[in-house]
Amino acid sequence: MANFSKSNVPQFSVEVYQNEFLPEGGREVNAIVTVTSTGGGTTGGVPLPGTAPSAAADAPGRAADAAVVLMVDCSGSMDYPPTKMRNARDATAAAVDTLREGTRFAVVAGTHVAKDVYPGNGRLAVADAGTKAQAKEALRRLSAGGGTAIGSWLRLADRLLGAADAGIRHGILLTDGRNEHEAPEDLRAALDACAGRFTCDARGVGTDWDVKEVTSVASALLGTADIVADPSHLAADFTRMMENAMGKEVADVALRLWTPVGVEIRFVKQVAPTVEDLTGRRTEAGPRAGDYPTGSWGDESRDYHVCVRVPEAGIGREMLAARASLILPDPTGAAAPQVLSQGLVRAVWTDDMVASTSINPQVAHYTGQAELAQVIQQGLDARKSGDFDGATAKLGRAVQLASASGNEETAKLLSKVVDVVDAATGTVRLKAKVAEADEMTLETRSTKTVRVKK
């Protein structure tokens with residue numbers, strides 16, 4: 001493990017967990033890469049010891065270098081019941097109150113068109129007591145009416161955030177309905193255009209929205225997705241989201257994988273705190289190197305599953321299978337990217353069957369967590385299509401995996417969809433009646449994982 005840091009960014013560390021031993025003819029190498037960022041500026045704009053307030057505020061990644069756009073669904077359905085629109089206004093006001101001084105921000109009202117209702121005219125406001133009060137006054141004037149075109153909301157947020165030239169660029173999106181006023185390909189094109197330009201947390205309120213639409217926004221823009229079934233809980237959720245956004249200190253960090261000649265990368269997945277397949281998001285970064293986006297970081301730790309295929313080699317041979325580095329690009333493009341930390345993935349061929357057949361505990365745990373997310377989705381899809389035998393089998397496997405891995409939150413959500421006969425064997429019965437909110441919560445949170453017990 002190696003560490004590299006500068007005073008104005010968090011310190012990153014990389015740890016690699018793997019069984020490097022392969023049998024004769026073995027070619028697949030699996031490793032869990034744990035990335036942790038701590039200190040080194042994760043103070044959210046609070047001056048570091050020995051620094052003047054102005055120096056801390058001006059440092060890259062501080063609140064003064066952050067921009068946030070709040071996108072509020074104002075479609076006609078937000079008036080049914082009328083408390084939903086009021087809760088959305090109150091929640092957005094709570095998020096505005098949570099903004100740190102100096103953060104640039106805007107509020108977008110989303111219907112079949114997008115309108116920046118504060119401060120307006122394609123600008124961002126700078127958060128202070130006065131602008132927060134003005135934003136909350138603008139929120140009080142919001143009313144429901146019109147359709148839903150989420151792609152247009154995201155494109156406006158992108159224009160606003162792009163004009164700010166901020167280090168941390170973040171969106172928060174709330175919707176209560178389906179994206180019925182633009183074609184699916186329009187939303188997909190908007191997500192493709194916005195990917196890598198800002199991160200975005202997405203929330204669905206009530207039960208009339210489409211889980212796959214909301215989770216696709218969070219997935220493409222490296223944010224979080226969740227359900228707020230009861231609109232009265234929106235304010236607390238929005239406050240937590242904004243607190244998390246304000247804790248981000250460095251953006252656009254990439255996981256760079258370099259591999260020797262003959263080594264093929266099979267997949268790269270984030271596996272904690274949620275499962276997210278990054279394989280298809282690779283951008284080339286020089287000979288035999290590729291970058292995988294990880295988004296913005298504060299004080300936190302994440303795990304990535306890297307699987308590579310190496311050339312065959314004889315007993316006693318060993319090789320570097322991959323080098324994993326955390327890369328921070330120079331925002332101007334004038335200088336080489338900064339290497340924040342790196343770790344090595346190795347392959348060693350042995351005739352010791354015990355060594356070569358042992359599965360690393362971290363690899364085994366996250367392989368199970370990735371399967372858990374997959375079988376929940378497959379089980380719910382089967383249930384919706386009327387394939388109850390298939391749904392029972394998949395959701396039973398999900399119960400078994402959740403129980404074995406200690407994923408108590410997912411196990412609790414599963415118990416609202418199936419009656420558990422025996423968790424250890426995955427024996428379950430589908431419930432005859434399931435509340436729509438319970439099913440949507442399970443689907444929305446299916447990719448959340450638990451860390452391996454080390």
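Numbering of residues begins at 1 and proceeds along the displayed sequence. Small disclaimer: the values here were computed from a predicted structure and weren't measured.
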I'd like to check the salt bridge (charged side-chain N to carboxylate O under 4.0 Å, His left out) partners of [X]; sequence neighbours left out, ordered by chain and number.
X      : value
Asp97  : Lys136
Glu28  : Arg266
Asp422 : none

Testing the 3.5 Å rule here: is there a donor-acceptor pair between the side chains of [X] and [Y]?
X      : Y      : answer
Ser219 : Glu276 : yes
Asp303 : Thr34  : yes
Gln270 : Thr274 : yes
Asn407 : Gln369 : yes
Arg188 : Ser216 : no
Ser446 : Gln377 : yes

### Task
Please determine if Arg203 forms a cation-pi arrangement with Trp209, meaning its NZ or CZ atom is less than 6.0 Å from the six-membered ring centre and no more than 45° off the ring axis.
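That pair does not qualify as a cation-pi contact.
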### Task
Starting from the C-alpha separation in whole Å, work towards a yes-or-no answer on salt bridge (charged side-chain N to carboxylate O under 4.0 Å, His left out) for Asp419 and Lys431.
CA-CA 6 Å; Asp419 291 316; Lys431 287 184 181 290; 2.6 Å; yes
Output a table of donor-acceptor pairs, distance under 3.5 Å, between side-chain atoms of residues 307-320 and any protein atom two or more places apart or on a different chain; print 'none' if there are none.
residue, atom, partner, partner atom, Å
Glu318, OE2, Arg346, NH2, 3.0

### Message
Side chains of Leu430 and Leu395, heavy atoms from C-beta outward: is any pair under 4.5 Å?
### Response
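Touching, per the 4.5 Å side-chain cut-off.
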### Flag side-chain contact, heavy atom, 4.5 Å: Leu222 against Pro293
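When only atoms from C-beta onward are counted, Pro293 and Leu222 do touch, with a gap below 4.5 Å.
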[Y]/[X] salt bridge by N-O under 4.0 Å criterion:
X      : Y      : value
Asp158 : Arg155 : no
Asp291 : Arg282 : no
Arg169 : Asp252 : yes
Asp277 : Lys269 : no

### Task
Decide if the gap between the ring center of Trp349 and the ring center of Phe21 is smaller than 6.0 angstrom.
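No - the distance between ring centres of Trp349 and Phe21 does not fall below the 6.0 Å cut-off.
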### Message
Per the salt bridge (charged side-chain N to carboxylate O under 4.0 Å, His left out) rule, what does the pair list look like for residues 369-384, sequence neighbours excluded?
### Response
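Those involving residues 369-384 are Lys212-Asp381, Glu371-Arg397, Arg383-Glu439, Lys384-Glu443.
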### Message
I need the full list of ring pair (Phe, Tyr, Trp, His ring centres under 6.0 Å) pairs touching residues 298-320, with sequence neighbours left out, sorted by first then second residue.
### Response
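Every ring pair (Phe, Tyr, Trp, His ring centres under 6.0 Å) pair that includes a residue of residues 298-320, provided the two are not neighbours, is Phe267-His305.
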